[in-house]
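In each ligand, atom 1 is the first atom listed, and ligand 1 is the first ligand listed. Values below: all heavy atoms of this structure, side chains included; hydrogens, waters and symmetry mates excluded.
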Amino acid sequence: MTQIISASLEAINRAAAIIKGGGLVGMPTETVYGLAANALDGKAVARIFEAKGRPQFNPLIVHVNDIDAAQEIAHMSEQDKVVAEAFWPGPLTLILRKREDSGLSDLVSAGLPSVAVRVPSHKTARALIAASGVPIAAPSANKSGTLSTTTPAHVAQSLGDEVEMILADGASEVGLESTVLDCTGDNPTILRPGAVTDEKLSEVLGCKVGYDLGNKESGDVKSPGQLLCHYAPATPVRLSVVDVEEGEALLTFGSAQSLGMRSSGEQAIKALPEGSVAHLSLEGDLYEAAANLFSMLHQLDDPAHKAIAVMDVPDYGVGVAINDRLRRAAQF
Ligand code: TXA
Ligand code: MG
């Protein structure tokens with residue numbers, strides 16, 4: 001099992017040396033933890049796929065520190081730059097046309113002519129990118145098809161034997177993977193919802209930004225990560241519950257009043273065994289719920305539970321992204 005090391009300057013330099021040497025590092029970002037490798041090094045990128053057990057057709061996000069570095073690997077239109085200036089650094093990934101001379105390993109974009117680029121805001125991620133001096137390919141740091149990780153301990157649990165080092169810097173603030181915006185067509189389209197919402201994007205672009213979420217069982221999807229079953233715990237997930245069944249764990253949102261056909265919501269919750277209830281946000285704050293989602297699904301993902309029953313989360317703002325992940329988690 002690899003060591004979890006707190007992100008001091010020395011640790012960051014050590015992690016950068018591992019990246020330059022072709023190794024893998026668990027990297028904190030503001031969205032979720034990433035499984036980081038040198039995006040220019042085909043062998044290192046291949047190790048990411050092997051470690052995750054990820055189908056090779058699913059391309060990776062390349063992390064750089066600013067728009068200039070993004071333009072060294074991809075073409076950006078004036079419109080792309082407007083979006084980038086508004087939301088970078090931050091939880092937004094742009095799908096751009098890859099430059100012929102990008103130097104990126106072909107494996108990174110799985111042979112596509114496009115490449116996913118993100119400029120993270122997390123200070124440790126930025127320091128690691130700077131110290132490595134290379135663009136960093138990093139999918140979420142979890143085994144393929146399982147929950148993304150938002151704490152160093154979860155990274156260790158999922159990929160502890162696969163990474164040389166986990167650079168630890170607390171829990172990811174946003175808690176959901178970045179919004180993925182496809183900028184290769186005539187109109188920018190959201191392929192994966194996240195904390196940068198359609199409303200925010202539409203405002204900056206001055207036009208309505210729509211979704212192409214795929215939601216298909218297989219095959220015809222723009223972003224291979226859109227396969228329906230994706231962010232799944234091992235325990236079945238039951239959505240839009242109004243009551244908890246015997247043996248189920250419960251994930252709540254907001255007040256418990258809407259819960260409980262047989263008994264009141266509060267009583268239903270009190271009656272549950274310890275460790276089998278978690279509250280995404282008692283105040284009904286969607287950002288707090290997003291930040292808690294994956295760690296609470298991890299916490300309730302236990303063979304002792306027959307299923308995880310989840311109360312409804314409103315479908316607006318970042319709630320769209322939460323519901324997208326919940327629907328995928330519920331799919332088997
Ligand atoms: O927040 C995040 O984006 C995190 C952190 C570590 O940065 N990373 C992450 O990476 O979630 P990953 O690999 O788990 O998800 C990348 C998503 C996948 O759904 C993938 O299919 C899509 O981006 N993607 C990557 N390159 C693409 C491309 N060229 N065209 C379309 N979709 C692409
Ligand atoms: Mg992922």
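Looking at Glu177 next to ligand 1, no N or O pair under 3.5 Å apart turns up. In terms of N/O distances under 3.5 Å, ligand 1 is approached by Ser178. Any N or O atom pair closer than 3.5 Å counts here, and His63 shares at least one such pair with ligand 1.
Residues Thr151 and His154 have side chains that bring a donor and an acceptor to within less than 3.5 angstrom of each other. Counted by atom type alone, His305 and Thr235 present zero donor-acceptor pairs between their side chains at under 3.5 Å. When only modelled atom types and interatomic distance are considered, Ser158 and Asn142 share no side-chain donor-acceptor pair under 3.5 Å. In the model, Glu177 has no side-chain atom that pairs as donor or acceptor with a side-chain atom of Thr31 under 3.5 Å.
Taking 2.8 Å as the threshold, Ser140 counts as a candidate ligand of the Mg ion (ligand 2), since one of its N, O or S atoms lies below it.
Under 4.0 angstrom from ligand 1, there are no non-hydrogen atoms of Asp182. With a heavy-atom cut-off of 4.0 Å, Arg192 touches ligand 1 through its side chain alone.
A side-chain contact (heavy atoms from CB on, under 4.5 Å) with Trp88 is found for one member of Val64, Asn65, Val83, Val117 and no other, namely Val117. Residue Lys52 forms a side-chain contact (heavy atoms from CB on, under 4.5 Å) with just one option from Leu35, Leu60, Asn58, Thr146, and that option is Leu35.
In terms of heavy-atom proximity, Leu300 sits nearest to Leu250 at CD1-O, 3.6 Å.
Which parts of ligand 1 touch Ile61 is read off a 4.0 Å heavy-atom cut-off, strictly below it: atoms 3 (O), 8 (N), 9 (C), 10 (O), 16 (C). Close approach of ligand 1 to Ser114 (heavy-atom distance below 4.0 Å) involves ligand atoms 28 (C), 29 (N), 30 (N). In the vicinity of Ala138, heavy-atom distances shorter than 4.0 Å reach the ligand 1 atoms 6 (C), 8 (N), 10 (O). Near Asn58, with a cut-off below 4.0 Å to any heavy atom, the atoms of ligand 1 are 18 (C), 20 (C), 21 (O). Atoms of ligand 1 lying under 4.0 Å from any heavy atom of Leu112, numbered from 1 in the order shown and given with element: 28 (C), 29 (N), 30 (N).
The residue from Ser140, Ser109, Gly194 that puts a heavy atom closest to atom 9 (C) of ligand 1 is Ser140.
Taken from CD1 in Ile129 to NE2 in His63, the straight-line distance is 7.0 Å, to the nearest 0.5 Å.
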